[in-house]
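Since the structure comes first, as structure tokens, the remarks are kept for the end.
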Amino acid sequence: MANEIFADICVIGGGSGGLLVAAGASQMGADVVLIEGDKMGGDCLNYGCVPSKSMIAAANAAHAIRSSDRFGIGAAEPDIAFQKVHDHVHGVIGAIAPLDSVERFEGLGVRVIQAKGKFVGPTSVQAGDTIVHAKRVVVSTGSHAGAPPIPGLGTVPYLTNETVFDLTEAPAHLLVIGGGPIGSELAQAHRRLGCDVTILDIAKTLSNDDPELAEVVRTRMLKEGVTIRQEIKILSIKKDGDGVSVNIRDDKEESVAGSDLLVAVGRVPNLEGLDLEAAGIAYDKRGIKVDDRLRTTNKKVFAIGDAAGSFRFTHVAGYHAGIVIRNILFRMPAKVDYSALPWVTYTDPELAHVGMTEVQARDKYGDIRVLRHPFAENDRAQAERQADGLAKIITTKKGVIVGASIVGLHAGELIQSWILPTQKKMKIGAIAGLIIPYPTLGEVNKRAAGSYYTPKIFSERMRTIVRFLLKFA
Ligand SMILES: Cc1cc2nc3c(=O)[nH]c(=O)nc-3n(C[C@H](O)[C@H](O)[C@H](O)COP(=O)(O)OP(=O)(O)OC[C@H]3O[C@@H](n4cnc5c(N)ncnc54)[C@H](O)[C@@H]3O)c2cc1C
């Protein structure tokens with residue numbers, strides 16, 4: 001017989017979004033039950049952001065040794081112990097894990113149940129032999145790697161983000177299907193860690209970003225020896241000795257062989273086994289359907305993060321958590337607003353974006369301004385010998401900031417300067433008029449902003465006015 005308990009809020013899924021709801025609501029006095037069916041911390045800590053950024057940090061260290069001769073310091077082929085890289089990656093996970101642990105959450109007053117949850121009623125969830133009856137339920141079950149319908153994929157062993165960080169030996173030749181952010185980050189990291197790497201993509205790599213900026217990343221990856229086969233057809237996959245062979249069609253049909261295969265072609269929401277029908281919750285293959293307050297078709301159940309099918313980032317799951325807490329605890333009709341949503345791809349150079357792309361802005365406003373400043377004209381970027389990069393800022397004709405994209409050294413940090421102006425719809429003069437310390441990469445932002453005025457300031461009309469005024473000086 002099931003053990004029945006009652007709570008204010010039941011959170012299903014203890015990852016980026018669920019943990020923030022549980023911690024926040026509990027500390028504000030709500031009685032919270034958290035159900036987690038696998039590892040606390042979810043994808044981000046265990047199979048996503050944390051291991052990938054830790055691996056990238058190791059890869060960048062290897063690259064620094066290999067490329068130090070640009071500073072007059074003898075470059076060398078780094079001695080990479082892949083097992084130790086693996087240990088470093090898992091050491092970082094281990095260092096962060098206590099913050100997401102059952103012990104910490106129980107210490108905050110959250111009742112944690114370690115089992116898979118499923119709905120058994122509109123606001124009742126069963127996990128193991130416990131049934132939780134809650135006033136409100138939050139579904140934050142995340143997503144997993146999708147498997148594309150390529151003939152033969154099911155017949156070969158392949159890696160996903162859940163297994164690639166467990167490798168203790170470097171793949172001799174890693175084939176990466178999918179050149180989006182996850183595929184590109186892991187492809188470049190493995191290449192820098194000494195593997196041969198081939199990306200296979202049916203579209204262009206990093207196709208969700210500004211094509212001009214994505215090209216800068218692509219060019220760097222090619223220069224570092226990543227093979228990129230893009231805009232191809234992937235026909236089939238088969239085992240090939242100890243490795244795999246992928247049959248593709250580019251201009252002609254050919255086989256690409258590798259030792260290991262990583263599939264990184266998008267995400268599938270974790271909805272299986274949740275019995276959403278029992279709670280009257282509508283969903284489709286993209287995720288649970290939510291309104292702009294993140295309420296599902298059952299108004300007492302909210303869905304957040306990757307399970308809600310919108311933008312799949314940890315910071316979005318965290319943003320969702322805040323919206324849900326305001327709706328549930330304070331009865332505030334807080335709504336999502338993605339108009340100043342940032343994201344970063346942690347390749348080298350980094351590729352970062354906030355707000356509207358050039359195409360979206362043109363569709364909405366017609367006449368827009370695209371302000372640009374290349375890293376090659378930034379003294380700090382030159383000093384660091386990392387001068388490939390470009391900032392592209394999008395404003396309306398009248399100079400209202402609606403979006404920004406940056407590719408280049410520390411683009412993920414530089415984009416932060418554009419989040420507030422995009423969200424507050426500030427005018428470009430606010431950035432152009434700032435005093436920025438010299439020499440910093442941040443001057444790229446100011447110079448891009450300042451270029452809004454260049455055509456007016458250096459116009460013939462302005463010269464006429466200045467000459468006229470100087471007559472009276
Ligand atoms: C390789 C990789 C790199 C990434 N890098 C970044 C990055 O740099 N920056 C960024 O912002 N985002 C990144 N992401 C995306 C980020 O990891 C996700 O967007 C984020 O983890 C989503 O949070 P969530 O709370 O929705 O889901 P998760 O954090 O995945 O948590 C979901 C939890 O629910 C649990 N669960 C599932 N079903 C049930 C059930 N029935 N019962 C109980 N528990 C259940 C799961 O076990 C899991 O712990 C990356 C993703 C990957 C794969």
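Just so it is clear, the model here is predicted, and its values are computed rather than measured. Sequence positions, counted from 1, serve as the residue numbers for this chain. Whatever order the structure lists ligands and atoms in, that order sets their numbers, starting from 1.
Both the backbone and the side chain of D306 come within 4.0 Å of ligand 1, counting heavy atoms alone. Heavy atoms of T141 found under 4.0 angstrom from ligand 1 belong to the backbone as well as the side chain. Contacts between C44 and ligand 1 below 4.0 angstrom, taking non-hydrogen atoms only, involve backbone and side chain alike. Counting heavy atoms closer than 4.0 Å to ligand 1, residue S52 contributes side-chain atoms (C-beta onward) but none from N, CA, C or O.
Close to ligand 1: S140, with a non-hydrogen atom less than 4.0 angstrom away. Contact between A115 and ligand 1 is present, with at least one heavy atom of the residue lying under 4.0 Å from the ligand. Heavy atoms of K39 come nearer than 4.0 angstrom to ligand 1 in at least one pair. Distances from ligand 1 to the non-hydrogen atoms of R267 include at least one value under 4.0 Å.
Using modelled atom types and a 3.5 Å distance limit, the side chains of R218 and T205 yield a donor-acceptor pair. Looking at T168 and H86, their side chains never bring a donor and an acceptor atom within 3.5 Å of each other. Using a 3.5 Å distance cut-off with no hydrogens or angles, the side chains of D337 and Y319 do not pair a donor with an acceptor. If you check the side chains of Q188 and Y346, you find no donor sitting under 3.5 Å from an acceptor. A donor atom on one side chain and an acceptor atom on the other are found under 3.5 Å apart for W343 and D209. A donor atom on one side chain and an acceptor atom on the other are found under 3.5 Å apart for E4 and H133. Using modelled atom types and a 3.5 Å distance limit, the side chains of N327 and R295 yield no donor-acceptor pair.
For ligand 1, none of its N or O atoms has an N or O atom of I12 under 3.5 Å away. Looking at G48 next to ligand 1, no N or O pair under 3.5 Å apart turns up. Considering backbone and side-chain atoms together, G305 places no N or O closer than 3.5 Å to any N or O of ligand 1. Checking only distances, T314 does come within under 3.5 Å of ligand 1, N or O to N or O. In terms of polar-atom proximity, defined here as any N/O pair under 3.5 Å, N270 makes no such contact with ligand 1. For a threshold of 3.5 Å applied to N or O pairs, the pair formed by D43 and ligand 1 contains at least one separation below that value. Backbone and side-chain nitrogen or oxygen atoms of E185 are examined, and none is located within less than 3.5 angstrom of a nitrogen or oxygen of ligand 1. Looking at ligand 1, you'll find an N or O of G37 within less than 3.5 Å of one of its N or O atoms.
For ligand 1, the atoms lying closer than 4.0 Å to a non-hydrogen atom of G17 are 25 (O).
At a threshold of 4.0 Å, the pair D348-R192 counts as salt-bridged, since one of the basic side-chain nitrogens sits closer than that to a carboxylate oxygen. Classification of E358 and K392 as a salt-bridged pair holds, one side-chain N sitting under 4.0 Å from a carboxylate O. Using a cutoff of 4.0 Å between basic side-chain nitrogens and carboxylate oxygens, D43 and R267 are scored as salt-bridged.
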Q: Carefully, step by step, assess F311 and Y338 under the rule ring pair (Phe, Tyr, Trp, His ring centres under 6.0 Å).
A: CA-CA 9 Å; F311 300 95; Y338 299 118; 5.0 Å; yes

